[in-house]
Each structure stands twice: as structure tokens, then as C-alpha cells.
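First the structure, in the form of C-alpha cells, and then the observations on it.
Order of listing sets the numbers, starting from 1, for every ligand and every atom in it. In this text the structure is predicted, and so the values were computed from the model without any measurement.
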Amino acid sequence: MTEVLVIGAAGKTGRAVTRALVERGVGVRAAVRPGSRSLIYGDRVRAVSVELVTGSGLEAAVAGVSAIYHLAPNVHPDEVLIATRVAESALRQGVSRFAYHSVLHPDDASMPHHLRKAQAERSIRARLESATILRPAAYLQNLEHAARQGRIEVPHSLDAPFTNVDLDDVAVVAARVLTEDGHEGATYDLAGAERMSVRDMAEVATDVLGRHVEAASMSLDDWMTGPGADQSEQARHDLVAMFRSYDHGGLVGDPSALRQMLGREPRTWRDVLA
Ligand SMILES: NC(=O)c1ccc[n+]([C@@H]2O[C@H](COP(=O)([O-])OP(=O)(O)OC[C@H]3O[C@@H](n4cnc5c(N)ncnc54)[C@H](OP(=O)(O)O)[C@@H]3O)[C@@H](O)[C@H]2O)c1
């Protein structure tokens, strides 16, 4: 039976996409970092080692698969190089069904990591015209743990608008484009249908969870010496640019492509928490 190769399969997004494929009865070749101890579930999932920075293991991972889902590790400086290498390997080995996990508004020049995704999209399409591009908004799940802990603290405006998307909805769309005809060359924005600020999300969480959930803002200096301290200097730079961009308009997209791909309303913040 043929398999779909999922790059970055042990991460947050990769796990959701792997699960969605398995739920459709599809075998997954799960590319994980060499030595990764992350557990990947089930009989239908076979882990293969791929070091994305050097490309080691990639050619063997691509051989014989029916489709490839490519995502880059978060704010990775080599995103374009890695995407190009994966697309070239797909081209060499005749794997024409290829989907790339980009981001909503990749051409937004205020965010360096978005621009790298725009460049990666172009590089992939130059090699594989039929590649499908998914452009997800920020995930609702990014704030779920904090909400359950009773305090959502962010280093950007509490009133900026977002149309965050459920990661499992994104994964359902990913599984469809990897297994069905008709998405060749398509680009889909995947935004949730609710426009909410962090303050709104805390209010809904208070209601759904039945206890007070606070929305709090943190200065960028506090973020850099606190939650951001473990990041590389380049990742911190990119994420600070993102928080500043969020201050000027949040991250808002159109939900119609997601609605159409799901054939139902996208899941809401309330659904994720309930
Ligand atoms: N979070 C959001 O709201 C959002 C929204 C839209 C788009 N995105 C994009 O989604 C993508 C995935 O994000 P994520 O949060 O799922 O990332 P993640 O959880 O960090 O997953 C990335 C995976 O890549 C693996 N990896 C890292 N460096 C590697 C290397 N050199 N070689 C091989 N594997 C390596 C990691 O392995 P280990 O498990 O061993 O560390 C991890 O399993 C990013 O490009 C991000 O920009 C995210």
C-alpha cells in the first residue's frame, strides 16, 4: 500500500495531519528528526529519520510515496532551502502530489518568517506547478493550554483581531488535498469564521470553563527575558516582529475556503474548549 510522507510529523502540526490521514485509512511515512523520541501512534504509521537542515535521509523517505506534506519547523531560518530540497526530491522521484503548509498572508512584509514562506511557496511552485498550498491562520490551540490554566498572557495588544483556526480542521483539509484529485495548483487560505481578540477569547473561555480566565499583556522586554529566552536570537527577532505586527491589525483572513473544504462551519474557540 502506498504511503503519504509527512515532514515534521512529530510536531504539533505534523501529528494532527498524521492523525487525520490515519483516520482516512491512509498509511503515513512519518519523517522525524534523527534520534527523535516522540511517539507516533499506530500500525499505519512508520517513522523514518530525516535531518532537514542537511537533507540526510530525505531521498530514502521520499522514495515510493504517493504524496508529500511539507511543513517547516517553526521560524526556521532555512525554510526556503529546506522546502526547495524537498520539492526537488519529489520532482526527481516523480511524486507530483505535494502540499505545502504555509501561513495566512505570507507576503506580509512586517513578518520575516511569513516572507520566507512566500519565498518557499514560489520555490516549490517553480519546481512542482501542481503543488497545493495551504495558508492557515494562527491555531486556536496556541492559546488553549493558557486558557485552561486561567490566564492568557500575550506580548501584543489584547484587542487586536484574529480569525484563529482549529488545527484539526486544518489537518482534515490537509488529508483531503493529499488523497483527492482536484486540488492541483490550488492555494487555500484556512482561517476560522470567528473574529476575536485575546480579550474576547478569555471571556468565552470564562464562560465555557466555568471559572475566571484572565487576559493579560506582557511587555516585549519581559517576553524576551521570559518565554522567549530559550529561542535563538533569529527566532526571537522574527517573533518580536510578529508580535509588533499583531499590534497593528492582528491576523485576519477569509473563512470561505475552509468552510467549502470542510463542507461545514469551521470549529470555533468554544468547540475547542468544550
Ligand atoms: N502555530 C501556528 O499557529 C501556525 C499557524 C500557521 C502556520 N504555522 C506553521 O506550521 C509549521 C509547523 O509548526 P509547528 O508548531 O507544528 O512546529 P513544531 O511543533 O515545532 O514541529 C516541527 C517539527 O519539526 C521537527 N524538526 C525541527 N528541526 C528539525 C530538523 N533539523 N530536522 C528534522 N526535523 C526537525 C521537530 O522535531 P522535534 O520534535 O524533534 O523537535 C518537530 O517535530 C511552522 O512552519 C509554522 O510556521 C503555524
Sub-4.0 Å heavy-atom contact, A137 with ligand 1 =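 So A137 counts as touching ligand 1.
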inquiry  = Could you check whether any heavy atom of K117 sits closer than 4.0 Å to an atom of ligand 1, since that is the contact criterion I want to use?
reply    =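 It does, in that a heavy atom of K117 comes within the 4.0 Å cut-off of ligand 1.
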Side chain, backbone, both or neither: which part of [X] comes within less than 4.0 Å of ligand 1 when only heavy atoms are counted?
X	answer
H101	side chain
T13	both
L104	neither

Show me which atoms of ligand 1 lie under 4.0 Å from any heavy atom of [X].
X	result
V50	32 (N), 33 (C)
K12	15 (O), 16 (O), 19 (O)
E51	30 (C), 31 (N), 32 (N)
P73	22 (C), 24 (O), 26 (N), 27 (C), 28 (N), 29 (C)
P136	6 (C)

request  = Please name all residues satisfying side-chain hydrogen bond (donor to acceptor under 3.5 Å, both in side chains) with T163, sequence neighbours left out, ordered by chain then number.
outcome  =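 Result, side-chain hydrogen bond (donor to acceptor under 3.5 Å, both in side chains) vs T163: none returned.
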Looking only at distance, does [X] have an N or O less than 3.5 Å from an N or O of ligand 1?
X	value
L52	yes
G11	yes
H113	no

request  = Find the distance between CD (E184) and CZ (F98) and round it off to the nearest 0.5 Å.
outcome  =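 Here the interatomic distance stands at 14.5 Å.
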ask   = CG of L140 to CE of M196: how many Å apart, nearest 0.5 Å?
value =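 Separation between the atoms: 8.5 Å.
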task = Quick one: which residue pairs count as a salt bridge (Lys or Arg N to Asp or Glu O under 4.0 Å) with a foot in residues 251-262, not counting sequence neighbours?
result =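 Listed by first then second residue: R259-E265.
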key: Option among R85, R116, K117 that satisfies the salt bridge (Lys or Arg N to Asp or Glu O under 4.0 Å) test with E79   =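 Output: one option passes, namely K117.
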ask   = Is there a donor-acceptor contact under 3.5 Å linking the side chains of T187 and R125?
value =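 Checked: T187/R125 side chains pair up, N/O donor to acceptor below 3.5 Å.
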message = I'd like to know if the side chain of Y139 pairs up with that of T13 as donor and acceptor (distance under 3.5 Å, no hydrogens or angles considered).
response =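 There is such a pair (donor and acceptor under 3.5 Å, judged by atom type) between the side chains of Y139 and T13.
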query = Which of these, H105, H101, E121, sits in a side chain to side chain donor-acceptor pair (under 3.5 Å) with R135?
reply =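 Only one option passes, and that is E121.
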inquiry  = Regarding atom 45 (O) of ligand 1: of the candidates A72, A83, G57, S102, which has the closest heavy atom?
reply    =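 That would be A72.
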ask   = Which one of V17, V32, I68 satisfies the side chain to side chain contact (heavy atoms under 4.5 Å, CB included) criterion with V6?
value =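 Only match with V6 under side chain to side chain contact (heavy atoms under 4.5 Å, CB included): V17.
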